[in-house]
Amino acid sequence: MDTESTRIAAVAAERFHECGITATGVDALSRAAGVSKRTLYERFGSKDGLVVAAYESLDAPVYARFTAAIEQRVDDPRAQLDAFFAQLEPILGSPDFRGCPFTNAVAELPEPEHPAHAVVRRHKERIRRWLRERAKAAGAADPTALSRQLMLVFAGAQAQALIEGSGRPARDARRLAAELVETAVGARGS
């Protein structure tokens, strides 16, 4: 994507996350992006094309938000897993937290064949692989199973934090993740 299309996709991603995909019409998107509806259709083909581009534009920054700082400041893979969950409380406890934009997108787009579903699956799988790599390096007996369990804890914490309007589910998720890691890795990783 060129710079202007990337900018428009990022604006659309913000609007979709703030207002919802179905509630955000092309008129509102064109106004928010400062371009004509014709420009949107020329660049993305359809609203569905813009939805896909919007979530593709979120993939790298969201992934980096959850992984980059940890990789820079923490060397131990087991400690990286803990840091992944430790960082959730301020994010999920923020009054601006609206849930996971990727999960929200899938909930709004019930047709499994919608092309945005593939974008969401790739994003979630990318995070799961990051968790799996750390689980394997930490010595988990079954790093794939542990990474799937940790993804459930991660997703559940996001959903519950949205429901409660609180960071408490993030604290609970961190404790649960630590227990799962302890069981999977045991004292070997200490």
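Atoms considered below: every heavy atom in the structure, side chains included; atoms not considered: hydrogens, waters and symmetry mates.
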Atom pair OG1/CG of Thr24 and Leu50 - distance to nearest 0.5 Å = 10.0 Å
ask   = NZ of Lys47 to OG1 of Thr22: how many Å apart, nearest 0.5 Å?
value = 6.5 Å
query = Is a donor on one side and an acceptor on the other found under 3.5 Å between the side chain of Asn104 and the backbone of Arg98?
reply = yes
key: Closest heavy-atom pair and its distance - Pro143, Ala140   = CD-O, 3.5 Å
note = Taken in chain and number order and not counting sequence neighbours, the residues that satisfy side-chain hydrogen bond (donor to acceptor under 3.5 Å, both in side chains) with Thr3 are none
ask   = Is there a donor-acceptor pair under 3.5 Å between the side chain of His117 and the backbone N or O of Leu109?
value = yes
query = Under a 4.5 Å cut-off applied to non-hydrogen side-chain atoms, are Glu179 and Leu176 in contact?
reply = yes
Minimum-distance pair of heavy atoms, taken over all atoms of Tyr55 and Phe16 = OH-CB, 3.5 Å
key: Met1 with Val51, same ILVMFWY side-chain cluster at under 4.5 Å   = yes
ask   = For the atom pair CD1 (Ile127) and CG (Leu150), what is the distance rounded to the nearest 0.5 Å?
value = 12.5 Å
message = Can you confirm whether more than 12 heavy atoms, excluding those of Arg126, are under 6.0 Å from its CZ atom?
response = yes
ask   = What distance separates Ser5 OG from Glu42 CD, expressed to the nearest 0.5 Å?
value = 10.5 Å
Steps toward side-chain contact (heavy atoms from CB on, under 4.5 Å) verdict (Leu40, Ile8) = CA-CA 8 Å; Leu40 289 180; Ile8 293 168; 3.5 Å; yes
message = Quick check: is Tyr63 connected to Phe84 through a chain of hydrophobic side chains (ILVMFWY, heavy atoms under 4.5 Å apart)?
response = yes
inquiry  = As a quick check of understanding, evaluate side-chain contact (heavy atoms from CB on, under 4.5 Å) for Val119 and Arg122, giving each step before the final call.
reply    = CA-CA 5 Å; Val119 175; Arg122 277 193 308 270; 3.3 Å; yes
query = Crowded around Asp75 CG? As in, over 12 foreign heavy atoms under 6.0 Å?
reply = no
query = Between Phe66 and Trp130, does the ring centroid distance fall short of 6.0 Å?
reply = no
key: Flag side-chain contact, heavy atom, 4.5 Å: Gln158 against Leu162   = no
request  = Just jot down the ring pair (Phe, Tyr, Trp, His ring centres under 6.0 Å) partners of Phe85, sequence neighbours excluded, or say none.
outcome  = none
key: Arg174/Glu89 ion pair, N-O < 4.0 Å   = no
request  = Identify whether Val120 and Leu131 are in the same connected component of the hydrophobic contact network (ILVMFWY, side-chain heavy atoms under 4.5 Å).
outcome  = yes
message = Let me check something: do Val62 and Leu92 share a hydrophobic cluster, defined by ILVMFWY side-chain heavy atoms less than 4.5 Å apart, either directly or through other members?
response = yes
query = So how far is it from Thr144 OG1 to Arg128 CZ, rounded to the nearest 0.5 Å?
reply = 5.5 Å
inquiry  = On a heavy-atom basis, which atom in Pro169 and which in Ser166 lie closest, and how many Å separate them?
reply    = CD-O, 3.4 Å
inquiry  = Ignoring hydrogens, what is the shortest heavy-atom contact between Val185 and Ala138? Give both atom names and the distance.
reply    = CG1-O, 3.2 Å
key: Cluster check Phe154, Ile91: I/L/V/M/F/W/Y, side chain < 4.5 angstrom   = yes
query = Any Lys/Arg nitrogen of Arg7 or Glu4 sitting under 4.0 Å from an Asp/Glu carboxylate oxygen of the other?
reply = yes
task = Taking all non-hydrogen atoms of both residues into account, name the closest pair between Ser57 and Ala13 and its distance.
result = OG-CB, 4.1 Å
inquiry  = With rounding to the nearest 0.5 angstrom, report the CZ to CG distance, Arg134 to Asp76.
reply    = 11.0 Å
Crowding at NZ, Lys124 (>12 non-hydrogen neighbours, <6.0 Å) = yes
query = Is Arg132 salt-bridged to Glu125, cutoff N-O under 4.0 Å?
reply = no
Pairwise salt bridge (Lys or Arg N to Asp or Glu O under 4.0 Å) hits with a residue in residues 18-31, at least two apart = Arg15-Glu18, Asp27-Lys37
Non-hydrogen atoms of Ala83 and Ile70 that approach each other most closely = C-CD1, 3.7 Å
